[in-house]
Amino acid sequence: MQWEDYRIMGARYPTVQMLRSAARLFGIASRGAHMTAYVRTDGEMKIWVGRRSAHLITYPGMLDTTVAGGVRAEESPFECIVHESAEEASLPADYVRANAKPCGAITYIAKGSAVDAGNPSMMIPVVLYNFDIELPEHIVPKPQDDEVEAFYLWDLEQIKKAMINKEFKTNCAAVMIDFFIRHGIITDENEEDYLEILTRLHRPLPVPTSPSAS
């Protein structure tokens, strides 16, 4: 995966791109896409949560969103979700294409991770495009590649407890919080830091993200 190219956001020409593993060294904003799959049983919402494989370099064994991946230079965030859904979760591509719904994006500045051991203070601008999909009970995510160990169908209380215990990969917790806000699970009435949370999920990035801003 590290040999894939990222598109340089903000470049005037869409063909300008850089090796994914090198992009962070130049302060280039990375693009990712996440999809949260959920089901409704007897009026209750449950969410499919993935567990990352133990052999991964970053966040091994931690909880993840249903489907996620870096957006390749030559594809859109939606196309990323379609192919990652098949590769990671064995979800039918035709169903994902017809039912996955784009739900905006979150933006943040990430600190250098385990792969940046030589420069742990590195700051990386990130854009994550979010998608939701409601699955019927007969479509069950199953690990297809070696990046996901298992999938769990959890209710909201289980997910909240796991987030409080810091069991989720950091940016996946942010994606889940954004999902909770969009679905009215976290509101201004039940969360005193509601506006602060909204602001932190949509931080202005210190790099161009569109050609007009470059």
Side-chain angles (χ1 to χ4, degrees), residues 1 30-54 56 58-72 75-108 126-187 197 201:
M1 178 168 295
S30 65
R31 297 189 304 159
H34 286 241
M35 185 173 74
T36 304
Y38 63 96
V39 299
R40 295 185 187 275
T41 57
D42 299 324
E44 179 185 14
M45 175 184 284
K46 294 185 178 180
I47 297 173
W48 283 106
V49 176
R51 184 175 297 281
R52 297 167 64 80
S53 293
L56 294 178
T58 57
Y59 304 96
M62 297 195 75
L63 299 176
D64 210 324
T65 46
T66 319
V67 174
V71 181
R72 301 169 185 167
E75 68 183 357
S76 67
F78 181 74
E79 289 300 326
C80 173
I81 286 298
V82 172
H83 80 73
E84 291 287 356
S85 294
E87 292 175 7
E88 291 186 353
S90 307
L91 295 178
D94 55 349
Y95 187 87
V96 174
R97 284 189 181 280
N99 294 279
K101 297 179 180 179
C103 302
I106 63 174
T107 53
Y108 61 92
V126 180
V127 178
L128 294 185
Y129 297 89
N130 291 333
F131 295 80
D132 290 349
I133 189 168
E134 183 171 358
L135 296 180
E137 294 186 39
H138 70 274
I139 295 182
V140 177
K142 298 177 182 178
Q144 176 72 18
D145 57 21
D146 62 352
E147 295 187 10
V148 181
E149 179 180 304
F151 287 99
Y152 313 118
L153 185 59
W154 281 358
D155 62 35
L156 301 182
E157 290 305 314
Q158 288 175 291
I159 292 173
K160 290 176 184 178
K161 182 177 179 180
M163 284 197 288
I164 290 172
N165 292 336
K166 299 183 179 180
E167 297 177 45
F168 274 90
K169 180 174 178 279
T170 309
N171 65 349
C172 297
V175 170
M176 194 64 69
I177 290 170
D178 186 65
F179 178 92
F180 279 13
I181 290 172
R182 289 186 285 99
H183 287 265
I185 300 163
I186 296 176
T187 68
I197 293 170
L201 287 174

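Quick note: residue numbers are just sequence positions, from 1.
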Self-check item: Residues forming a side-chain contact (heavy atoms from CB on, under 4.5 Å) with Arg51, sequence neighbours excluded
Solution: Leu63, Glu149, Tyr152
Self-check item: side-chain contact (heavy atoms from CB on, under 4.5 Å) against Pro102, all qualifying residues, sequence neighbours excluded
Solution: Phe131
Exercise. Nearest 0.5 Å please: distance from the CD1 atom of Ile186 over to the NZ atom of Lys160.
Key: 7.5 Å
Quiz prompt | Counterpart residues, side chain to side chain donor-acceptor pair (under 3.5 Å), relative to Asp64 (two or more places apart) | solution = Arg52
Exercise. Check whether any side-chain heavy atom of Met35 sits under 4.5 Å from a side-chain heavy atom of Glu88, and report yes or no.
Key: no
Quiz item: Considering only heavy atoms from C-beta outward, does the side chain of Val67 approach that of Ile133 to under 4.5 Å?
Solution: no
Practice problem: Side-chain contact test, heavy atoms from C-beta onward, threshold under 4.5 Å: evaluate it for Leu128 versus Asn171 and give yes or no. | Solution: yes
Quiz item: Taking C-beta and beyond as the side chain, do Tyr129 and Ile81 meet within less than 4.5 Å on heavy atoms?
Solution: no
Quiz item: Do you know the tightest heavy-atom contact between Asp145 and Glu147?
Solution: OD1-N, 3.1 Å
Quiz item: In Å and rounded to the nearest 0.5 Å, what is the OH to OG1 distance from Tyr59 to Thr170?
Solution: 3.5 Å
Quiz item: Going from OG on Ser85 to CD on Gln144, what distance comes out if it is rounded to the nearest 0.5 angstrom?
Solution: 12.0 Å
Quiz item: Does Thr36 offer a backbone N or O that forms a donor-acceptor pair with the side chain of Thr66 under 3.5 Å?
Solution: no
Practice problem: Output all residues satisfying side-chain contact (heavy atoms from CB on, under 4.5 Å) with Asn165, sequence neighbours left out; order by chain, then residue number. | Solution: Lys161, Glu167
Exercise. To the nearest 0.5 Å, tell me how far Asn99 CG sits from Asp94 CG.
Key: 9.0 Å
Self-check item: Nearest atoms (heavy-atom pairs only) where Gly69 meets Glu84
Solution: CA-OE2, 3.8 Å
Quiz item: Can you find a heavy atom in the side chain of Pro136 that is under 4.5 Å from one in the side chain of Tyr95?
Solution: yes
Practice problem: Specify the closest pair of heavy atoms between Asp146 and Ser53, including all atoms of both residues, with the distance to one decimal. | Solution: O-OG, 2.7 Å
Quiz item: Measuring from Ile197:CD1 to Ile181:CD1, what's the distance to the nearest 0.5 Å?
Solution: 6.0 Å
Exercise. Could you tell me which residues satisfy side-chain contact (heavy atoms from CB on, under 4.5 Å) with Arg182, sequence neighbours excluded, listed by chain and number?
Key: Cys103, Asn130, Asp132, Asp178, Phe179
Quiz prompt | Any donor-acceptor N/O pair, Ser76 side chain to Glu79 backbone, under 3.5 Å | solution = yes
Show which side-chain atoms of residues 37-48 pair as donor or acceptor with protein atoms under 3.5 Å away, not counting sequence neighbours.
none

Quiz item: CE of Met62 to CG of Leu56: how many Å apart, nearest 0.5 Å?
Solution: 12.0 Å
Quiz item: What closest approach, in Å, do Phe168 and Met163 show between heavy atoms, and which atom pair accounts for it?
Solution: CD1-CG, 3.5 Å
Quiz prompt | Taking every non-hydrogen atom, the tightest pair across Ala93 and Val82 | solution = CB-CG1, 4.1 Å
Quiz prompt | For Ile139 against Leu135, the heavy-atom pair lying closest together | solution = O-CD1, 3.9 Å
